[in-house]
Structure formats: C-alpha cells, structure tokens
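Excluded from the calculations below are hydrogen atoms, water molecules and symmetry mates; all remaining heavy atoms, backbone and side chain alike, are included. Since the structure is predicted, the reported quantities are computational estimates derived from the model, not experimental observations. Per chain, numbering begins at 1; letters A, B, ... match sequence-line order.
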Protein chains: 4
Amino acid sequence: MATGDTAPRPSSALTRKGAATRARLIQAAQCVFSERGFLQSKITDITAAAGTANGTFYTYFDSKEQVLMAIADEVVGRFLGTLREGRSTSGDPAEVISHDNHQYVVAYRAHADIMRVIEQAATFNNEMAVLRRSIRERFVERAARSIRTWQAEGLCSADLTPRIVAALLVAMVDNFAYNWLSLGQPHPEDEVVHAMNEIWIRALRIPKEARTHPAQL
Amino acid sequence: MATGDTAPRPSSALTRKGAATRARLIQAAQCVFSERGFLQSKITDITAAAGTANGTFYTYFDSKEQVLMAIADEVVGRFLGTLREGRSTSGDPAEVISHDNHQYVVAYRAHADIMRVIEQAATFNNEMAVLRRSIRERFVERAARSIRTWQAEGLCSADLTPRIVAALLVAMVDNFAYNWLSLGQPHPEDEVVHAMNEIWIRALRIPKEARTHPAQL
Amino acid sequence: MATGDTAPRPSSALTRKGAATRARLIQAAQCVFSERGFLQSKITDITAAAGTANGTFYTYFDSKEQVLMAIADEVVGRFLGTLREGRSTSGDPAEVISHDNHQYVVAYRAHADIMRVIEQAATFNNEMAVLRRSIRERFVERAARSIRTWQAEGLCSADLTPRIVAALLVAMVDNFAYNWLSLGQPHPEDEVVHAMNEIWIRALRIPKEARTHPAQL
Amino acid sequence: MATGDTAPRPSSALTRKGAATRARLIQAAQCVFSERGFLQSKITDITAAAGTANGTFYTYFDSKEQVLMAIADEVVGRFLGTLREGRSTSGDPAEVISHDNHQYVVAYRAHADIMRVIEQAATFNNEMAVLRRSIRERFVERAARSIRTWQAEGLCSADLTPRIVAALLVAMVDNFAYNWLSLGQPHPEDEVVHAMNEIWIRALRIPKEARTHPAQL
DNA sequence: AATGAATGAGTCTTCATTCAT
DNA sequence: AATGAATGAAGACTCATTCAT
C-alpha cells in the first residue's frame, strides 16, 4: 500500500517509547498541516504540538516531506480500507455505483483536511505527486474493470472506452469532492450524491428497469 | 476581468519604455513559472530571464504573488476570450456542448503550463484561490444557465438541479484537462472529447434525434 | 596561480562598491581565521568584522571554504611573488640556497597566521589539501631542478636523487617554518637560517672554496 | 607517558566486562577516526562500530576529544616502545642514525592513520597540540643529546647548535613521514631512507672512515 | 527608470551530551 | 553497566525586499 519509504530513521526496531513519540509527531504533524497547510508549517510547529524538543523530530524523520509521506501512506491505507469495508456485494451496476460513490464521499470527508495538504504538496514534490496520482489511478483502474465486466455482460453500453469513461467520471467525483469537502464549497449532500450516481448511470446507459438483467442499449 | 490589483506601482501612466520593461518581466515570469513552478522560482530568475536588474522587478510589482496575479488575469482573459470567440451560434444543445467542450480543451491546452502554476499558488495564496474558483464558477454559471434554458424548453431532462449537474460536469472537464494537459497524463484527444460530450449529453438526457425539437424525456 | 575557483558568485563583473565589500569580507575573514582558526570562525564573525549584514557574505561567497580558498589563492600568489622578487641572480649554489632559504623564511613569516589556517583546513578539506600540496610541490620542483643543474655542472654531489633530496630538504624547511612561525615555537632566527643553509650545502656536498668552480666531490 | 587524563570515568576499578567494552570502544574509535578523520566522525559512528548503544560511550569517556587522547596516549606509547625496542647498541653515530631513521619509519608506518588524526586534532585542540609537540620534542631531545655527545667525543662536527640541527632534522624526518605515510604521497622507501641518513650524516659531518674513531672535522 | 548591492528575518538541520529506565 | 530516546544550543543558508546611487 505504502508508496514512500516510511521506515523510521533508526535502523533498529523502535522501542515502545520511541513508537509512541513517533506516533505523537505524526499526529501533531497531521494537525498542524491540516490547520495551516504544508508550506506554512514549520518543524517547530510540529514539535511544539507534539510536546517534544526540536531535534526529536529528526530522530524519526529526515524532513517535513518525509513525515507527510508517512501520514499520506497511512491516510491512503485508511481511505482504501474504508472503501473496501463497505464494498457492495451486489452485482447490480447501479447499486454498485451508488454504493461506491457514497463510500467515496464518506471516506473523502474523513480525510478531507489531509487531502488538501497532499494536493498542495503534490504541486511541488514529485514523490507526493506520484502518490496522489497512484490513489486516483487505483480508482480509475477499479472503475474501468467494473465497466469492462458490465459491458461484457451486456449490463451497460459498450460504445465508450472503459478506461476513458472511468478516468473522466473519477476525475469528476474526485475533484468535486476536493472542492466540496477539502476547500469547503457548500453543496447539499443528498442532491450531489444523487446527481453523481445518475451521471454515472446515464453515461454508461445502465437500464433502469431490471438492471441486473441485460437490456437493449 | 481582473481580480487582483494589477495596476503598476507608479500611479502615473507608464512611459513607452516602462511598459516594455513591464511586459518583458511578465513574459519572463510566465516562462520561469511554467518551467519550475511558482514556489521554485526566484525573483532573480525572473529578472535574469527578462534581462533586467534585480531591483527593477519592484518598480513594477509589489511581490512575486502580484506578478502572478497579473499573468493570471491576462491568461484568464485570453482563456475566456478563446471560448467566446468560438461560441456556437446554434441552439442545438448537443452541438453547443460538443462545441464548448472542444473549445475548452483547445483553450486549456494553450494555457496548460500557467494553469498548473495557478493551481499550485491557489493552494496557499488566498487571492489566487479566489481567482481559481472564479474561473470555474464562471463556467459552472454558464453551463447551469444553458441547462436551465434547455430544461425550460424541454430540450433536456429536468430531473437534476442545473447548478449541481453543471458543477459536477465542469469539475470533470476541468480536472481531467488539468491532469491531461497540465500534468501530462497521456490520453487520445479524439476519444476523450467524444466521451466528454457523450457524458454531458447522456447526463442531461438530450435526445439524439431532432435535438432542436423538444422530445419526451 | 589560482587553484580554486575564486570567481565571485555574481557572474557579471563587480561594481566598484561590490569589489570593495568583497575585499572587506576577505580582509575580515583573514583576521578572524587567523585569530581563532577556521573551524572556530562563524560566518557571523566574519560579517561582523567586515561590518556587513549576515547575508552579504553569500553575495560574494558560497561558503566558508570558498572564502578561504580565495584568501589562500591570494596568499599563495603573494608568497610566490615574494620569493620571485628576491630571486638570486648568482649562479653560486651556496649563495642561491642561502638566498632562497632566507626569502622563504621572510615570506613564510609574512603569512604565518594564514598558513596555520590553511594547514588546519587541509586536514579535512580536499580542495585545501590539494592547494597545500601544490605549494610545496612547486618548491620541491624548483629545488630539484636546481640540484639537477648543479649535478650536471659538477657543482654538487650527484649521488642522491634530486627529487628525493629536494623533497626531504623542503619538508625540513617548510615544516620547521610552520612550527616556528605558525605555531610560535621560539627559535633564534640567525642560527636557524644558518643551520638550514649548512644542512642543504652539506647534504648536497657543495664545496666551500670557489663554489662557482667545479671541485672534486 | 600519558598526557591527557585517560582514567575511566567511574573512579572504581572496571569490571572485566567494563574493561572489554571500553577496549571495544577505543578500537572502534581508532577505526572510525582513521577512516574519516576526527571531525567527520560522530559518536554514533563509534558506538555503531563498537556494537554498543549510543549512551554507553559516556560511561567510559567524557567526550570525543577524550577518547582520542586515550588512543593517542596508547599510540604514542607503542610508537616510543617500537623505537626503544630496536635501539641500536652500537656507538657508531652513522649506525645509530641509520638505525633510528629506519626504526622511525617503521614505527610511523604502523601508526600513520592515527597520526593523521592526531595531526588534525592538534590544529584545534590544545591538549592534542601539546601532545603532538611533546612527541616531537622527545625526539628532538634525544637527537640533540646524541649530537652533543658525539660533538664532545669529536665524532661529529661541533659548529652547529645541537638543539637546532636536531630540530631541523627531526622536522624533516617527521614531516616527510607524514606526507609520505599518512597522506599517501608515493616515494621509494629504500632511496628515501638512504637519503635521510645521508643528510643527517653530512649535516653533522660524520666521517665515513672509522666512524667510531675521532677524526678531523 | 534602472541598477545591483545590502539586508536580516526565518528555518532547517546537526550532533554532542544528558537522562530515565 | 547498558540502553536508546530526548535534548537544545549552535550555525548555516536562502531569498524576498529595500535602498542608495
């Protein structure tokens, strides 16, 4: 799951105390980053928030970038975890879409602050850009796979390239979530999720009636 | 058009020479920003590229942010101009959508580099965030207006809130363009634009046959 | 003459004022280094001594090492200049030796403080080690050349390899000067220089009587 | 022999285990110092090499300087020991000189790496400078004593001050050895040692024939 | 207007040394 | 004795911005 090297600096395993301090620093960094953004955060802000001395930061991380990678890796893991947990078991495409979009919004909301930080860091840090891209790629991949299956089974229109529709629809969901949840643009949740679902369903021409049964598209 | 205060520092009008120097600085800044991003660019990079002395920068701009605002304003103006020029005169929704999406892609591609810079600056500079939001807002507004009209005329489905579908579809187009054209993810243009159009058309349930004539949606 | 790259950071030529500031910084660095050694000197010590702001240092130099290189290059130049100026015109080996040793001591004394600094820096900085070695190498080379000539002309013993005797005798003079003049070990100048000369003369078996005339060695 | 305070920190005697740990640390420090020099060596490099925890270092030493003093004391002891062991019993000055020079080279070669470290530390640490000076002083003293004896016995020229010739000749041997063996400048051993001996012998005008018997100098 | 030197606040980063366990 | 986490003083370096000419 992890993309960056999040291993602690000391090569030996951490003691219980060390692990606790490291965790405190990560926690503090997450707070500080969320509050003022990555760029505006100083190492001393983090150590102050963690209640450690300045230099302690460097016992566990090489740089601000590295601690963000550690956080991001963890967040991505939790994010994906949230999605997996709530995986729809139904084979009904409309239900799958509705379910996934809802889960996506729920998961995003839980990490909206740190996603904003990752988004910022991705604009100037290559490692972070790679991570950011990989998150999205994962969703595109998954959506494309579903679409390919549905097309094969005649459950949806087959006239659009799966990879491309998937990329477009994921861009929509992901970026809308960013503007809405990370940047705080107000939108009514119910309507938004409904519209999202409908756009997916219509784009893929998933038939309304008896969606688990093939229809003439 | 302008969002930030882009007036030159001296309140008096610029001499011809002064205007030329200012233009050279803007030009240079745009190059430098495009190449290494806003954060990585130093004032001296800009003045070196413009062939002026270090301090000359401050004869025309108050800060690095301000020169970016000047550039961004100009770019936004050209961006919107490009779209307006190519405005579809047809009333056929499908044609309008197809036309607008194509124009959008063309316009975005022309400013992809600087859009990446604006995107970066928007993550930490409020003025830039406001500008960035305003660009998108303009498109959402316009799309929502079209949709509202089409709905009123029975040219498209009326079951989704215009503002929300518009926001979602614009998020899709805008963010996909960013990833594709600003960040360089490869995609086949024809297919992408086709899929984009189809998603809009299907999302809005614009009937294929006789699109200028109302149909039962 | 110069070994390191002592060009000022700004690629353009310095203005009169800039050159003055740079000179002041070099002057100050030389004082500070001489007083407390290279390692114990902080950049702020130098700028304080030069009466400039902290950052001004970096307008002219990249690092403490670089300013030392600039100083060292200059010192080496002056050092070699001093020796050249006072070059013995006589062909008499004893006279040449006596003259050169005297000049060497005079030149060394003039730069004893900075030589101590160079000696220190050469123990951990490779560039400086190279410079330090190159100074000595120059003297060894010169001495070896003289010896070779004298041997060919029968003016001195030919049973020792010129390069090796030269290296040994230069090590003696150079290192004794370091201990005496740089580290401050007290020695009576007259006696020391006399003994130095005698050791060279005897080592090379230069005949006392009629030294410009070949003798049976 | 010891110059610095090399007593272990706890005043009580060391346990067997403690002594072993201390020895391991000294051994490790010597390796690390030799490899990267005193300044570039971190305490953690030493403890890592010794296979102990960071803090253990301070159970046995007060500082990085102190462990070097301990090493230097030991090295100086071994150095002098090597020389003493191989002491020439002959009274023949030429033989004594040749023997001593050879022994000196052998002894120096055995400690060339750590001598380089001591040389470095002596440039900024007073204790180390004192130690370094004391080593040389010992040799100068010894050489001066021999010379004085030989002069008194008519075995060598009496026109140069023993202390001064000794200081010069020791500077030659010592510094040449440093450049050759510590800094790695290549030289052919046989020729070098031969030339060294000859310089001493000629400088002191030790007669070739029947050197144990007084001659007219 | 233009120049380019001067400024100095702001941060990062290192690592010898201490300390609680 | 040993451990290894914690400390924090110390100093380097950057670069947007100001200023004297």
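Side-chain contact between Glu127(C) and Leu131(C) is absent, with no heavy-atom pair separated by less than 4.5 Å. With a 4.5 Å cut-off on side-chain heavy atoms, Val117(D) and Ile114(D) count as touching. Contact of the Gln66(B) side chain with the Tyr60(B) side chain is not registered, since no non-hydrogen atoms from C-beta on lie closer than 4.5 Å. Residues Asp113(B) and Arg116(B) have side chains in contact (heavy-atom distance under 4.5 Å, counting atoms from C-beta outward).
Applying the side chain to side chain donor-acceptor pair (under 3.5 Å) criterion to Ser182(C), with sequence neighbours excluded, gives Tyr108(C). With sequence neighbours excluded, the residues that form a side-chain contact (heavy atoms from CB on, under 4.5 Å) with Ala29(B) are Phe33(B), Ile46(B), Val67(B), Ile71(B). Scored by the side chain to side chain donor-acceptor pair (under 3.5 Å) test, Glu119(A) finds Arg132(A) as partners (sequence neighbours excluded). Taking the side chain to side chain donor-acceptor pair (under 3.5 Å) definition, one finds that Gln30(D) meets it with nothing, sequence neighbours left out. Residues that satisfy the side-chain contact (heavy atoms from CB on, under 4.5 Å) test with Ala129(A), not counting sequence neighbours, are Ala122(A), Asn126(A), Arg133(A). The salt bridge (Lys or Arg N to Asp or Glu O under 4.0 Å) search around Glu65(B) returns none, not counting sequence neighbours.
Residue Lys17(A) places no side-chain N or O under 4.0 Å from the OP1 or OP2 atom of dA5(F). Residue Ser63(A) places none of its side-chain N or O atoms closer than 4.0 Å to OP1 or OP2 of dC12(E). For dT13(E), one of the phosphate oxygens OP1 or OP2 lies less than 4.0 angstrom from a side-chain nitrogen or oxygen of Tyr58(A). In terms of phosphate contacts, Thr21(D) brings a side-chain nitrogen or oxygen within less than 4.0 Å of OP1 or OP2 of dA2(F).
Taking a 4.0 Å limit (strictly below) on heavy-atom distances, residues 41-53 of chain D reaches DNA chain F at Thr52(D), Ala53(D). Within residues 32-40 of chain B, no residue has any heavy atom under 4.0 Å from DNA chain E.
Within 4.0 Å (heavy atoms only), Thr56(C) reaches at least one base atom of the nucleic acid. Nucleic acid contact class of Gly55(B) (heavy atoms, under 4.0 Å, all strands): base.
Rounded to whole Å, the distance from CZ on Arg16(B) to C1' on dA2(E) is 19 Å. If you measure from atom CG of Asp62(A) to atom C1' of dC15(E), you get 15 Å, rounded to the nearest angstrom. Distance CZ (Phe61(C)) to C1' (dA6(E)): 15 Å, rounded to an integer number of Å. Taking atom CG on Leu25(B) and atom C1' on dA2(E), their separation rounds to 11 Å, with Å as the unit. With rounding to whole Å, Asn54(D) atom CG is found 14 Å from dA20(E) atom C1'. The distance between atom CZ of Phe57(B) and atom P of dG4(E), rounded to the nearest whole Å, is 17 Å. We find that CZ of Arg24(D) is positioned 13 Å from P of dA1(F), with the value rounded to whole Å.
Taking only side-chain atoms of Tyr60(A), from C-beta outward, the nucleotide of dA6(F), dG4(E), dA1(F) with the closest atom is dA6(F).
For DNA chain F, the stems formed by at least three consecutive Watson-Crick or G-U pairs, with both atom-pair distances below 3.5 Å, span E:2-21 with F:2-21.
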Atom pairs and distances, donor-acceptor, side-chain atoms in residues 37-44 of chain A, under 3.5 Å, two or more places apart:
| from | atom 1 | to | atom 2 | distance (Å) |
| --- | --- | --- | --- | --- |
| Ser41(A) | OG | Gly37(A) | O | 2.6 |

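Positionally, the nearest nucleotide of DNA chain E for Ala19(B) lies more toward the 5' end than for the other of Glu65(D) and Ala19(B).
Residue pairs meeting the salt bridge (Lys or Arg N to Asp or Glu O under 4.0 Å) criterion with at least one member in residues 43-55 of chain C, sequence neighbours excluded: Arg36(C)-Asp45(C).
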